[in-house]
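Everything below concerns the one structure shown next.
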2 protein chains.
Amino acid sequence: MLEEIPDIVIGRLPIYLRALTNMAVNGEKLTTSSHELGERLGISSAQIRKDLSHFGEFGKQGTGYHINYLIEQLRQILHLDREWPVALIGAGHIGHALASYNGFQHRGFRIAWLFDNDPAKVGQMVGGLPIQPITEMVETLNREKTQMVVLAVPAAAAQEIADQLAQTYIRAILNYAPVHLNVPPHIHVRHNDPVIQMQRMTFYLDTSLAVGSR
Amino acid sequence: MLEEIPDIVIGRLPIYLRALTNMAVNGEKLTTSSHELGERLGISSAQIRKDLSHFGEFGKQGTGYHINYLIEQLRQILHLDREWPVALIGAGHIGHALASYNGFQHRGFRIAWLFDNDPAKVGQMVGGLPIQPITEMVETLNREKTQMVVLAVPAAAAQEIADQLAQTYIRAILNYAPVHLNVPPHIHVRHNDPVIQMQRMTFYLDTSLAVGSR
DNA sequence: TAGATTGTTAATCGATTAACAATC
DNA sequence: TAGATTGTTAATCGATTAACAATC
């Protein structure tokens, strides 16, 4: 039934995968059901079954889903049955935190290159990786046919770098800069601006308890 | 028309606000239109007008929206016309990066407290803030009536802390731990797991260029 | 077998878009 | 005025949910 998968469905698969992996690690059981998974995640069981049905039939009536089998299938669907090398651009606070983060390894990614435009930083090691000059970025990415970058540079520099990335094989950008990026349609962009997430929640906060009101 | 605002509409308002603020800073013009704003953001002009119409009438036929006025209105709608004190929990790599991040100040937030469970870290200064023992977290949050936290602790510790937060005035959690949190319905949770964002994009990557396939 | 749970269909629900009268 | 753009309505589009036959 692989025809036209809604992106919103794709967006839930990593959530399912993460929950299933946690189940597998805790390892109480070999199987789970759409009901149990949905309960954990606050998602309806019907939605989980519908989402999975876009890709095939992974369960058994009466018993549900074999956890490890479903994990393996989701990894294949999402192309996570390999390790994606990722270039990290920007060696500031966020770049340092990401380069040192050990949560990528077992989830399909490896920070393979680290670039910064500050000559004083070039050559320094961060998370076992040498900082390379940004002037070499395009050449390196093209040579390595890299498809994904994490962009952790100041807002003012982000669009210019995105323009350079458009000249490479890059097709996915995780953008930490608090600015919208304009890119050609073949490049996917996901934004990671914590303030946007926080501002989305203040709407619901109790303003009678608010401090610092002016 | 303030009756039942869809959360998906709320989610776009901070995006609009960020783009408008950038426009105001660059300061070429005093007004903009739903068409211009939508073009920048890849959103239809009709959607922008519809979203705003939930809250009032902010534009003028023929001329569009006064940028600074719309910014002010959005800030009021989102309760950003004040400074929200936020507790940061976890002083690891991410906690350090966030505590040192200077992008909160002008967007409605201030990291006011920093907690960690490592006695060796307690007392150290990070981003001008002393690390406090996690054992004092609940008491401090209750005394200060804090409503928002950023949770940057290991996955294994996140749910336990969330349970403690449920005993306080906290109503919003920005969760950096790569695990789903179960919280009472009055607490809003937004997740910030970069790997989830990255895994969502690999579906679209060119697997013929993929490295490390097994 | 009896109970449980899938995959799928059809109905419902909600969000987006097109179009346009109103009007600056 | 003429052109531009709003706010809103109705139509369209898409996503979620309820229900159930199939079957392990």
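Each chain gets a letter, A, B and so on, in the order the sequences are listed, and its residues count up from 1. Remember, predicted model here, so these are calculated numbers, not experimental data.
The nearest heavy atom of DNA chain D to B:Ser45 and to A:Gln61 marks one nucleotide each, and the one closer to the 5' end goes with B:Ser45. For the pair B:Thr63 and A:Lys50, nearest-nucleotide mapping onto DNA chain C gives the more 5' position to A:Lys50. Comparing A:Gly62 and A:Ile43 along DNA chain D, the residue whose closest nucleotide (by nearest heavy atom) sits nearer the 5' end is A:Ile43.
Between B:His54 atom NE2 and C:dA15 atom P the separation is 8 Å, expressed in whole Å. Between the C1' atom of D:dG7 and the CD atom of B:Glu57 lies a distance of 6 Å, rounded to the nearest Å. Put simply, CD on A:Gln47 is 13 Å from C1' on C:dG14, counting in whole angstrom units. Protein atom CD1 of A:Ile10 is 12 Å distant from nucleotide atom P of D:dA15, rounded to whole Å. Atoms CG (B:Leu70) and C1' (D:dT6) sit 13 Å apart, rounded to a whole Å. In this entry the distance linking CG of B:Leu52 with C1' of D:dT8 reads 13 Å, nearest Å. Residue A:Asp51 contributes atom CG, which lies 12 Å from atom P of C:dG7 at whole-angstrom precision. Taking atom CD1 of A:Ile8 as the reference point, atom P of D:dC13 lies 18 Å away to the nearest angstrom.
For the side chain to side chain contact (heavy atoms under 4.5 Å, CB included) with A:Ile89, the qualifying choice from A:Val150, A:Asn117, A:Leu165 is A:Leu165, the only one to do so.
Across the strands present, D:dT12 finds its partner in C:dA15; the criterion is a Watson-Crick or G-U wobble pair with both atom distances under 3.5 angstrom. Across all strands shown, C:dC20 forms a Watson-Crick or G-U wobble pair, both distances under 3.5 Å, with D:dG7.
Taking the side chain as every heavy atom from C-beta outward, A:Val86 and A:Leu174 never approach each other to under 4.5 Å.
Note on A:Tyr65: every side-chain N or O is 4.0 Å or more away from OP1 and OP2 of C:dA4. Of the side-chain N and O atoms in A:Arg12, none sit less than 4.0 angstrom from OP1 or OP2 of D:dA15.
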Please evaluate residues A:Val149 and A:Phe115 with respect to the criterion side-chain contact (heavy atoms from CB on, under 4.5 Å), reporting the C-alpha separation (whole Å), side-chain torsions for both, the decisive distance (0.1 Å), and the verdict. CA-CA 11 Å; A:Val149 307; A:Phe115 298 98; over 6 Å; no
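Using a 4.0 Å heavy-atom cutoff across all strands shown, A:Ser34 reaches sugar-phosphate atoms only and no base atom.
Listed nucleotides C:dG7, C:dT17, D:dT6 differ in distance to B:Arg49; the shortest reach to its side chain belongs to D:dT6.
Counted within 6.0 Å of OH on B:Tyr169, heavy atoms from surrounding residues, nucleotides or ligands total 12 or fewer; the atom is thus considered open.
The minimum heavy-atom distance linking B:Pro14 with A:Gln199 is given by the pair CB-OE1, 3.5 Å.
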